[in-house]
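Report on one structure; see the data block that follows.
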Protein chains: 2
Amino acid sequence: MGGPRFEPVRAVRAYERVVEQIEEAIESGALSPGERLPSERELMVQLAVGRSTVREALRVLQARGLVRSRPGDPHGAEVLPFSPAALHKSMTTLARVEQLSLGELVQFRMVLDSAAILLAARLRTEEQLAEMNKAVEAMRAAAGTEPGAADTEAFGRADVAFHDAVVAASGNKLIQICTDVVRQIVLRQISARIDAADDRQALMRRSIQHHEEVIEAIRAGDGPLAARLSRRAMYDYYAPYVKESETSALRALLE
Amino acid sequence: MGGPRFEPVRAVRAYERVVEQIEEAIESGALSPGERLPSERELMVQLAVGRSTVREALRVLQARGLVRSRPGDPHGAEVLPFSPAALHKSMTTLARVEQLSLGELVQFRMVLDSAAILLAARLRTEEQLAEMNKAVEAMRAAAGTEPGAADTEAFGRADVAFHDAVVAASGNKLIQICTDVVRQIVLRQISARIDAADDRQALMRRSIQHHEEVIEAIRAGDGPLAARLSRRAMYDYYAPYVKESETSALRALLE
DNA sequence: TCCGATTTGTGCGTATGTATA
DNA sequence: CTATACATACGCACAAATCGG
């Protein structure tokens, strides 16, 4: 015991070395978004590997969202600004193969969103508070006053804008990206059912009221209250779509 | 307005179609972990594409952690059980290119971990509570009684076991995976500094005491208290490594 | 134990369509 | 509009690795 612990030597493929080199260059900042990689033939020469090896490496980097290459582009592959697309992809895969339930996803959002709101109540600036108010204003406009005049799509966009303003105020980019990713996954699962609801406009009005209450708590600096309100609002909004057996786990977050 | 909405036709590459087909087969469950894909040459025939195309597709699937192929394996690529490796990879990339600070990462863990503990206090079984106790027992053993007899590695493993038991009791796999991924990223950033601390054993003792308090609160079913204690414990443990300017955002989570 | 069939890893040449100067 | 350079895709060849008999 305590002797040297040997690990099996994994045969590292040529294309992996290529991936590592380019990845390191990008993540270290030696290559910035917008800059171009050498052409495939040039890389082939510089790295002393075959064309297929270069191409397989570029595919992997493309799958990770780090570069993009287009046919005929004389400048070579383009280094992309970071996008959570790869994160989104792996979470979506996770949701499918691990059979993540809607309840788990909503629970995750309740946790992260309310945390963001708790932080936002402490750290927000006046400008950010104005952003939130503007978003709720847009929600009101989208919900309309005449029956049947609701613009579901605009309402959704305004809702996203509100949450973006909140997570921006929270100052935590990781929370921002994760809530965004999970929100999209949840919406993909139930957007059809939401669109089909015949009391959409009533749902919107309730949602707007909840948002107004949350904003008021944020304005007053009462983070715990704002967080509690937001969890309640999300529960009310999503619980109808969650399996009966899972709602108790959601309610556990409501105190 | 309201006319047919045309979308730009994205030139979809051959290898992408291949990726989509195989991905769909795996995520839908038509192919289960352990099963094999046809060999590259067989796929080439079935899909009516060249071998390079098949290979590029397999690389992408491999990068996403869905399959693994080894040279010479006569059975073709193996379908893998889900692993959060791809998620881990994209979060690590995120942390590097977006320059996620240690403060943000720790804050994220405080949020998710305390949520898991809040849920665990409500939902845990006696077996899971016993698991947690066992883990803390292992932490005590690793910390040792004699000065200088601490086994840092064993302590870390026991700590992980504790948190695994907690998130398992919370019943939310998404929280489990995310906390696990972020924990590894945080550790990678500061493990050297933790190892170098000359008061390691004292830190371990405090950590053990915190864990005992959390377990007691979980046993008593007081979720909010357990969550508060865990946030405090994590703050105490990691705050020394977080930049001065960021600790206030962390303290915002302590009430 | 060894050997041979099969497969993957890799390199290279070619044809084709495309984007840019 | 043309020329050039490029990515895409195909197919073959060879080496190395794996597995079954």
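Every chain is numbered from 1 and lettered A, B, ... according to where its sequence line falls, protein lines coming before strand lines.
Put simply, the residue from B/Glu56, B/Glu40, B/Glu42 that forms a salt bridge (Lys or Arg N to Asp or Glu O under 4.0 Å) with B/Arg51 is B/Glu40.
B/Glu40 comes within 4.0 angstrom of sugar-phosphate atoms only, judged by non-hydrogen atoms across all strands, and of no base. Residue A/Arg68 is classed as having no contact, given no heavy-atom separation below 4.0 Å to the nucleic acid. Nucleic acid contact for B/Arg36: none, since no nucleic acid atom lies under 4.0 Å from a heavy atom of the residue.
Within a 6.0 Å radius of CD in A/Gln99, other residues, nucleotides and ligands contribute 12 heavy atoms or fewer.
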Report, as a single string ordered 5' to 3', how protein heavy atoms within less than 4.0 Å touch nucleotides 11-21 of chain C: B base, S sugar-phosphate only, - not at all. BB----BBBS-
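With salt bridges taken as basic N to acidic carboxylate O contacts below 4.0 Å, none links A/Glu127 and A/Lys134. At a threshold of 4.0 Å, the pair A/Arg36-A/Asp73 counts as salt-bridged, since one of the basic side-chain nitrogens sits closer than that to a carboxylate oxygen. Classification of B/Arg140 and B/Glu137 as a salt-bridged pair holds, one side-chain N sitting under 4.0 Å from a carboxylate O. Checked for salt-bridge contact, A/Glu23 and A/Arg64 meet the test: a charged N lies under 4.0 Å from a carboxylate O. Taking the charged nitrogens against the carboxylate oxygens, A/Lys173 and B/Glu98 have no contact shorter than 4.0 Å, which rules out a salt bridge.
Side-chain N/O atoms of A/Arg55 include none lying less than 4.0 angstrom from OP1 or OP2 on C/dT10.
A/Arg13 has its CZ atom 13 Å from the C1' atom of C/dT7, to the nearest Å.
Residues A/Ser207 and A/Phe155 form a side-chain contact, since some pair of their non-hydrogen atoms from C-beta on lies under 4.5 Å apart.
You can see that DNA chain D meets the heavy atoms of chain A within a 4.0 Å-exclusive cut from D/dC6 to D/dA9, reading 5' to 3'.
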